Protein chains: 2
Amino acid sequence: MATRRQRTERRADALSKDRIVDAAIEILDAEGERGLTFRALTSRLATGTGAIYWHVANKEELLTEATTRVVDLVMMRVPDSRTPAAGARAITLIALGVFDAIDEHPWVGAHLPRVPWQPGMVSLFEGIGGRLDALGVPGPAQFNAASALVSYILGVAGQNAANARRHAPGTSRSGVLGEAAARWEELDPAAYPFLRKVAPQLRDHDDREQFLAGVDLILAGLTAGQ
Amino acid sequence: MATRRQRTERRADALSKDRIVDAAIEILDAEGERGLTFRALTSRLATGTGAIYWHVANKEELLTEATTRVVDLVMMRVPDSRTPAAGARAITLIALGVFDAIDEHPWVGAHLPRVPWQPGMVSLFEGIGGRLDALGVPGPAQFNAASALVSYILGVAGQNAANARRHAPGTSRSGVLGEAAARWEELDPAAYPFLRKVAPQLRDHDDREQFLAGVDLILAGLTAGQ
DNA sequence: ACCTGAACACCGTTCAAGT
DNA sequence: ACCTGAACACCGTTCAAGT
């Protein structure tokens, strides 16, 4: 009984996978992906590298665990419903939830596309695929439909992560967009007619709205035949 | 005159940005992204690291140049046409061209989403956006439409790159998919009904066809209102 | 102008040794 | 069983020195 007690009631500061992942997320959010090193982790947790490697296989597992937590938090908040309208709404909620989560934790956007069938990715696939019945997408088309939606979400996720990595947290978004738009306006009109035409839209667009427009586009394609 | 001659007709083995990028692409194709180090480059080019840094700012520029070459090669092969059918076909050709290029050079799929408005990305955006007029997509909707298509392509690109990075070039694709499908079939049916249902489709699906189905889905969404 | 290569400031990971 | 921390085998990048 005494040993049992000792094993279950560990000291509050005892090392565990959970505490390691906690610390990793704090570092990732504060310093970005580049800041997460085993040296930073050991100093924050006041241990040696070997202690961390006892609980976690390697850095990839650490990032995967952290990513899983963030994605699962998003999925937990989505209601499941069975009418077509509710199906579309649930998918939009998942998509926006992932978008916002990546806005808050850009490293998730970088890691999610990197490890093929990691748990967070599996949850996402199930979460979206499971709503396609309600949407009225026929069974055989559901696999491709879910895959298209997830690929689109991961594509935006990766780009947003890349944007966040480049610009310091304080950087003005409109400034960055304005510079990019100005570059587009100076391109050779013969070679880049489209970019010149849409440069003003680049300057004024909202990433979140544009992301949502893409989701709506795919949903429209899915229900186009009905 | 003699000096001019000397400057333009350099020795065949003289270092230049082009030759460095050539060597980088060879290494990337043969050894993957992990194989491209400045040590590998210097030994292949028989110089010192400083020589490479004289021509190229850093590793990211090297990867961006290499990526640009691959993407531009794809874009060069797409005919431009003005009828709706030809517009859709051109977009499909670009999408498949990028897909196949990434199949051959997986590192492109990893780098393309990583550097926001790199030249290869700009070409891709222009190539797709420039065909939306022919497709009949109204002007104001074109920016979001191009963005959705490109994001989807980058999403698939990133995942394919991740897959290639994990499995040695010789690995049997059906074996990998079979194992993944088997894992899905063992999931809790209450928690993962969708994945269990589509597991057989995962086992048999073709990545390229699935990618194309996604492109068609977005194109269908774009022309749904017409 | 262009190249050399040693040196710097890092990494992730391993492992013998401790408790 | 769990932890320590030095050591290993790498990296990208810089820079004084050469031609």
Side-chain angles (χ1 to χ4, degrees), chain A residues 2-25 27-28 31-67 107 110-111 114-115 165-166, chain B residues 2-25 27-28 31-67 107 110-111 114-115 165-166:
Chain A
T3 38
R4 177 135 218 265
R5 203 164 245 270
Q6 226 161 318
R7 233 183 270 159
T8 49
E9 292 178 21
R10 316 159 94 133
R11 288 175 329 183
D13 64 337
L15 213 51
S16 68
K17 197 164 174 175
D18 271 352
R19 277 198 63 232
I20 295 172
V21 175
D22 283 341
I25 291 179
I27 293 173
L28 284 164
E31 322 272 349
E33 214 172 339
R34 264 194 45 220
L36 181 66
T37 66
F38 279 83
R39 272 129 184 114
L41 260 182
T42 52
S43 102
R44 177 178 282 251
L45 293 167
T47 40
T49 48
I52 293 170
Y53 276 97
W54 178 260
H55 295 278
V56 156
N58 50 38
K59 194 175 178 178
E60 185 181 288
E61 183 184 328
L62 201 52
L63 275 161
T64 299
E65 294 276 351
T67 299
W107 47 274
H111 190 71
R114 201 150 48 199
V115 179
R165 200 183 312 128
R166 302 190 97 68
Chain B
T3 38
R4 174 133 221 269
R5 200 166 249 271
Q6 226 162 316
R7 233 184 269 158
T8 49
E9 294 178 19
R10 315 160 93 131
R11 288 175 330 184
D13 63 336
L15 212 53
S16 69
K17 196 163 174 174
D18 271 351
R19 277 198 63 233
I20 294 171
V21 175
D22 283 341
I25 291 178
I27 294 174
L28 285 164
E31 322 273 349
E33 214 172 338
R34 266 196 42 220
L36 181 66
T37 67
F38 279 84
R39 273 135 184 109
L41 259 182
T42 53
S43 100
R44 176 178 282 250
L45 292 167
T47 40
T49 48
I52 293 171
Y53 275 97
W54 177 261
H55 295 278
V56 155
N58 50 38
K59 194 174 180 181
E60 183 181 289
E61 184 184 327
L62 201 52
L63 275 162
T64 299
E65 294 277 350
T67 299
W107 47 273
H111 190 70
R114 201 151 47 199
V115 179
R165 199 183 313 129
R166 301 191 98 67

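Since the model is a prediction, treat every value here as computed from it, not as a measurement. So you know, we letter chains A, B, ... as the sequences are listed, proteins then strands, and number each from 1.
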Student: Yes or no on side chain to side chain contact (heavy atoms under 4.5 Å, CB included) for Arg114(A) and Leu63(A), after CA distance, side-chain angles and deciding distance?
Tutor: CA-CA 10 Å; Arg114(A) 201 150 48 199; Leu63(A) 275 161; 4.2 Å; yes

Student: Verify side chain to side chain contact (heavy atoms under 4.5 Å, CB included) between Val115(A) and Thr67(A), making sure each step is shown before the conclusion.
Tutor: CA-CA 11 Å; Val115(A) 179; Thr67(A) 299; over 6 Å; no

Student: In whole angstrom, give the distance that lies between atom CZ of Arg39(B) and atom P of dA7(C).
Tutor: 13 Å

Student: dG12(D) P sits how many Å from Leu63(B) CG, rounded?
Tutor: 10 Å

Student: When you measure from the side chain of Asn58(B), which nucleotide among dT13(D), dC3(C), dT4(D) comes out closest?
Tutor: dT13(D)

Student: Tell me what Leu41(B) touches on the nucleic acid: a base, only sugar-phosphate, or nothing, going by heavy atoms under 4.0 Å.
Tutor: nothing

Student: Is there a donor-acceptor pair under 3.5 Å between the side chain of Asn58(B) and the backbone N or O of Glu61(B)?
Tutor: yes

Student: Looking only at heavy atoms, what is the nearest atom pair of Ala14(A) and Arg19(A), with distance?
Tutor: O-NH1, 3.1 Å

Student: Give none if dC15(D) has no partner; otherwise give the nucleotide forming a Watson-Crick or G-U wobble pair with it, both distances under 3.5 Å.
Tutor: dG5(C)

Student: Using whole Å, what does the distance between atom P of nucleotide dG12(D) and atom CZ of Arg34(B) come to?
Tutor: 12 Å

Student: Return the minimal non-hydrogen interatomic distance between Thr47(B) and Leu15(B), and the atom names on each side.
Tutor: CG2-CD2, 4.1 Å

Student: Of all the choices, dG12(C), dC3(C), dT14(D), which nucleotide is nearest to the side chain of Tyr53(A) once you look at every atom?
Tutor: dG12(C)

Student: Hey, does the side-chain of Thr49(A) have a donor or acceptor N/O within less than 3.5 Å of a partner on the base of dT4(D)?
Tutor: no

Student: Can you tell me the pairing partner of dC10(D) across any strand shown, Watson-Crick or G-U wobble, with both distances under 3.5 angstrom?
Tutor: none

Student: Once you apply a heavy-atom cut-off of 4.0 Å, does Leu36(A) come out as touching a base, just sugar-phosphate, or nothing?
Tutor: sugar-phosphate

Student: If the cut-off is 4.0 Å, is His55(B) near the phosphate of dA1(C), judged by side-chain N/O to OP1 or OP2?
Tutor: no

Student: Between P on dC3(C) and CD1 on Ile20(B), what's the gap in Å once rounded to a whole number?
Tutor: 8 Å

Student: Take atom CD1 of Ile27(A) and atom C1' of dC11(C), then tell me their distance rounded to the nearest Å.
Tutor: 15 Å

Student: Tell me the interatomic distance from Phe38(A), atom CZ, to dC10(C), atom P, rounded to whole angstroms.
Tutor: 18 Å

Student: Are Trp54(A) and dC3(D) close enough that a side-chain N or O sits under 4.0 Å from OP1 or OP2?
Tutor: no

Student: Take the protein atom NZ of Lys59(A) and the nucleotide atom P of dT13(C), then report the distance between them rounded to whole Å.
Tutor: 8 Å

Student: Which nucleotide sits closest to the side chain of Thr37(B): dG12(D), dT4(C), dC3(D)?
Tutor: dG12(D)

